[in-house]
Amino acid sequence: MDDVERFEDGRLRGMNPQPAGEAITAGGRAVTSPASSWNHDRCGRCGQTFRRGDAVEVTTSPRFVVVHTDPWLACGGDGDAAGSPDLDSGFAAGLLRAFPPAGGIPVHRLAAGDWRVATPDLADPPRCLYCGHTFRAGEHVVVCPCGPSTPRCGAAVHRDPAAGLSCWEAWRPDSTLSVCPVTLARVRGTR
């Protein structure tokens with residue numbers, strides 16, 4: 001690790017200090033950071049991946065277990081996920097109107113019952129093609145346009161700047177997609 005990498009690692013840890021390994025006791029709470037050992041793992045209760053900023057409960061005995069404490073996720077409350085806190089947010093809708101994706105690509109908001117939304121019973125839930133995180137109810141996504149009227153693959157990429165997920169712009173800044181990244185089929189209307 002060179003000096004720049006050590007500095008960046010120290011900066012990240014300083015901005016979001018976490019209890020270290022054995023310092024986390026039963027009933028310990030933490031916030032997921034890029035340096036957290038559980039970052040990108042799946043929660044055993046709700047099936048969602050742990051993301052930067054997720055509040056969690058960490059137990060170390062009898063084994064190391066991390067679960068979300070967010071009431072919007074199934075494991076953080078009464079076991080019934082209500083979805084994202086931004087489901088009816090005027091802010092998210094206004095941001096989408098003010099900052100639409102290039103090329104008029106349609107953006108969809110995932111309902112709680114959408115098959116893309118991760119649940120604990122799914123062994124391998126769909127994930128964002130860019131960031132690799134699972135999808136949560138209420139998030140905005142761009143669905144692959146590989147089919148004539150409906151997508152064949154159903155793959156999606158986050159497009160939810162209100163939630164800090166601008167994966168679509170990072171992956172396809174010009175909003176063009178000529179080949180389906182899953183089936184490798186040519187997208188209709190492209191050469």
Side-chain angles (χ1 to χ4, degrees), residues 31-34 36 39-43 45-56 68-77 80-122 124-183 185 187-190:
V31 176
T32 305
S33 75
S36 300
N39 188 27
H40 272 79
D41 287 345
R42 287 184 61 209
C43 176
R45 288 193 188 157
C46 69
Q48 295 289 339
T49 53
F50 295 106
R51 301 177 184 174
R52 182 179 66 193
D54 282 353
V56 297
H68 286 107
T69 58
D70 188 336
W72 295 103
L73 299 172
C75 57
D80 183 26
S84 164
D86 289 331
L87 270 176
D88 297 315
S89 169
F91 175 71
L95 189 55
L96 184 59
R97 280 191 305 275
F99 179 48
I105 297 292
V107 176
H108 306 277
R109 189 166 83 203
L110 298 176
D114 191 289
W115 65 271
R116 292 174 196 85
V117 175
T119 57
D121 57 324
L122 289 175
D124 190 21
R127 294 176 183 246
C128 174
L129 293 174
Y130 184 77
C131 72
H133 281 297
T134 54
F135 297 107
R136 297 179 181 178
E139 290 181 335
H140 292 90
V141 299
V142 171
V143 178
C144 182
C146 63
S149 59
T150 58
R152 286 184 241 167
C153 70
V157 177
H158 287 112
R159 203 309 177 159
D160 201 340
L165 297 166
S166 296
C167 301
W168 177 252
E169 278 75 24
W171 187 47
R172 297 288 181 199
D174 60 356
S175 289
T176 60
L177 188 65
S178 58
V179 175
C180 171
V182 177
T183 65
V187 173
R188 187 174 184 182
T190 63

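Note that the structure is a prediction, hence the values are computed from the model and not measured.
- Between Val117 and Ala111 the shortest heavy-atom distance is CG2-O, 3.4 Å.
- For Asp114, the side chain to side chain donor-acceptor pair (under 3.5 Å) test picks out Arg116, with sequence neighbours left out.
- By the side chain to side chain donor-acceptor pair (under 3.5 Å) test, Asp124 is found to be paired with no residue, residues two or more places apart in sequence or in another chain being considered.
- Here the shortest heavy-atom pairing between Thr134 and Gly47 reads CG2-O, 4.0 Å.
- Taking Thr183 as the reference, nothing meets the side chain to side chain donor-acceptor pair (under 3.5 Å) condition, with sequence neighbours excluded.
- Listed here is the closest heavy atom pair of His40 and Cys131: NE2-O, 3.1 Å.
- Here the CG atom belonging to Asp54 is positioned 8.0 Å from the NE2 atom belonging to His133, to the nearest 0.5 angstrom.
- In terms of heavy atoms, Cys153 sits closest to Val182 at CB-CB, 3.9 Å.
- Separation of atoms NE2 (His68) and CZ (Arg42) is listed at 11.0 Å; rounding is to 0.5 Å.
- Inter-residue side-chain proximity for Trp171 and Cys128 is flagged as unmet; no heavy-atom pair is nearer than 4.5 Å.
- Val157 and Trp168 get closest at one heavy-atom pair: CG1-N, 3.6 Å.
- Arg45 places none of its side-chain heavy atoms less than 4.5 Å from the side chain of Pro120.
- In terms of heavy atoms, Asp174 sits closest to Ala102 at O-CB, 4.1 Å.
- Looking at heavy atoms from C-beta onward, Phe50 lies out of side-chain contact with Ser36 at the 4.5 angstrom threshold.
- Here Arg127 pairs with nothing under the salt bridge (Lys or Arg N to Asp or Glu O under 4.0 Å) rule; sequence neighbours left out.
- For the pair Arg159 and Tyr130, the cation does not sit on the ring face, since its NZ or CZ is not both under 6.0 Å from the ring centre and inside 45° of the axis.
- With sequence neighbours left out, His108 forms a ring pair (Phe, Tyr, Trp, His ring centres under 6.0 Å) with no residue at all.
- In this structure, the side chain to side chain contact (heavy atoms under 4.5 Å, CB included) partners of Thr119, at least two apart in sequence or on a different chain, are Asp121, Leu122.
- Between Gln48 atom CD and Arg136 atom CZ the span is 5.0 Å, to the nearest 0.5 Å.
- A salt bridge does not link Arg51 with Asp160: every distance from a Lys NZ or Arg NE/NH1/NH2 to an Asp or Glu carboxylate oxygen is 4.0 Å or more.
- Rounded to the nearest 0.5 Å, atoms CG (Asp70) and SG (Cys46) are 9.0 Å apart.
- Ser175 places no side-chain N or O within 3.5 Å of a backbone atom of Pro101 that could act as its donor or acceptor partner.
- A 4.5 Å side-chain heavy-atom check between Thr32 and Arg52 finds every atom pair outside the cut-off.
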